[in-house]
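Below you'll find the structure, written out as structure tokens, and then a few comments.
Chain letters run A, B, ... following the sequence lines, proteins first, then strands; residues in each count from 1. What you see is a predicted model; the values in this text were computed from it and never measured. Note: hydrogens, waters and symmetry copies are ignored here, and every other heavy atom, side chains too, is used.
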2 protein chains.
Amino acid sequence: MAGAQEGISATNQQFMQGFAGGDAEAIARCYTAEAQLFPAHSDVVSGTAAITAFWQGAFSLGYTGARLETAEIEEHGDTAIEYGTYLLSAGHAKADRGKYVVIWKNDGGTWKLHRDIWNTSQPAE
Amino acid sequence: MAGAQEGISATNQQFMQGFAGGDAEAIARCYTAEAQLFPAHSDVVSGTAAITAFWQGAFSLGYTGARLETAEIEEHGDTAIEYGTYLLSAGHAKADRGKYVVIWKNDGGTWKLHRDIWNTSQPAE
């Protein structure tokens with residue numbers, strides 16, 4: 001069984017690859033079956049189908065890349081808490097930068113995102 | 001030593017009372033000494049002085065009340081993860097509603113906010 005650090009890094013790689021490929025289903029597979037997203041300007045997004053649709057929506061807005069950078073991981077048994085920063089791109093432009101907190105669960109040996117909240121660090125328009 | 005549920009509820013009460021009284025220092029005392037806020041449109045806010053200044057800034061924007069509602073608490077020893085929703089008011093108006101994730105630490109018997117991230121659930125303007 002992979003340690004949290006290693007397992008989270010592997011899943012984040014999958015997430016970024018899925019994002020680069022515009023593959024919302026691949027991204028949704030990085031989440032637990034009971035996962036929830038907490039996006040800004042939205043109510044809570046719960047479960048695989050809604051999470052897939054959410055990321056599909058991001059692609060239709062023109063996002064083409066996500067870079068996730070882990071700042072810190074706290075491990076608590078089968079749960080881990082990750083703090084990090086993200087950079088979203090749209091074509092060659094930087095579209096957004098911000099920070100996130102992800103609650104991870106060890107799901108049968110694979111670390112998956114269970115709760116995912118983020119917000120922009122860019123100034124309000 | 002208070003259980004996480006009870007301790008978090010007590011600190012959230014203090015937070016809301018501090019908010020209603022416009023008392024940023026009382027709010028800052030709800031956080032650990034190494035706490036960090038992750039507000040939207042801002043970089044990470046670290047430590048007691050910066051956290052006090054942040055909430056002071058919220059009062060100068062006209063916010064007069066915060067209602068925090070816990071949806072779920074996960075306890076992991078001296079750490080707990082809280083998911084919840086907030087309602088901010090400004091005078092008698094509802095100014096904002098959203099959701100939050102707080103990582104709590106048992107700090108010598110008192111549960112204190114350690115990492116605090118939230119975002120609005122209102123539609124983008």
Q | Per-residue contact mode, A/T120 against chain B (heavy atom under 4.5 angstrom) | A | both

Q.
For the CD atom on B/E69, are there more than 12 heavy atoms of other groups (residues, nucleotides or ligands in this structure) within a distance under 6.0 Å?
A. no

Q. Can you tell me if CD on B/E25 sees more than 12 non-hydrogen neighbours from other groups inside 6.0 Å?
A. no

[X], [Y]: one ILVMFWY side-chain cluster at the under-4.5 Å cut-off?
{"X": "A/Y83", "Y": "B/L37", "answer": "no"}
{"X": "B/Y86", "Y": "B/W55", "answer": "yes"}
{"X": "B/V101", "Y": "A/L113", "answer": "no"}
{"X": "B/I8", "Y": "B/Y31", "answer": "yes"}
{"X": "B/I51", "Y": "B/L61", "answer": "yes"}

Q: May I ask you to name which of B/Q36, B/K99, B/R97 has the most heavy-atom pairs under 4.5 Å with chain A?
A: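 Ranked by contacts with chain A, first place is B/K99.
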
Q) Does B/N119 use its side chain to pair, donor to acceptor, with the backbone of A/W118 at less than 3.5 Å? A) yes

Q) Any donor-acceptor pair under 3.5 Å linking the side chain of B/D43 with the backbone of A/S121? A) no

**Q.** Proximity breakdown for B/Y100 and chain A, heavy-atom pairs closer than 4.5 Å
**A.** backbone

Q.
Given heavy-atom pairs under 4.5 angstrom as the criterion, report whether the side chain, backbone, both or neither of B/I117 touches chain A.
A. both

(Q) I want to check something: taking the side chain as every heavy atom from C-beta on, are A/I103 and B/I103 in contact at a cut-off of under 4.5 Å? (A)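 SC-SC contact between A/I103 and B/I103 confirmed.
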
Q | Euclidean distance, B/H76 NE2 relative to A/E75 CD, rounded to 0.5 Å | A |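 It comes to 12.0 Å.
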
Q: Check the pair B/T79 / A/I81 against side-chain contact (heavy atoms from CB on, under 4.5 Å), numbers first and verdict last.
A: CA-CA 10 Å; B/T79 298; A/I81 306 165; 4.0 Å; yes

Q) Could A/R115 and B/E72 be called an ion pair, given the rule that one side-chain N must be under 4.0 Å from one carboxylate O? A) yes

Q | Interface residue of largest heavy-atom contact number with chain B, from A/G98, A/S42, A/P123, under 4.5 Å | A | A/S42

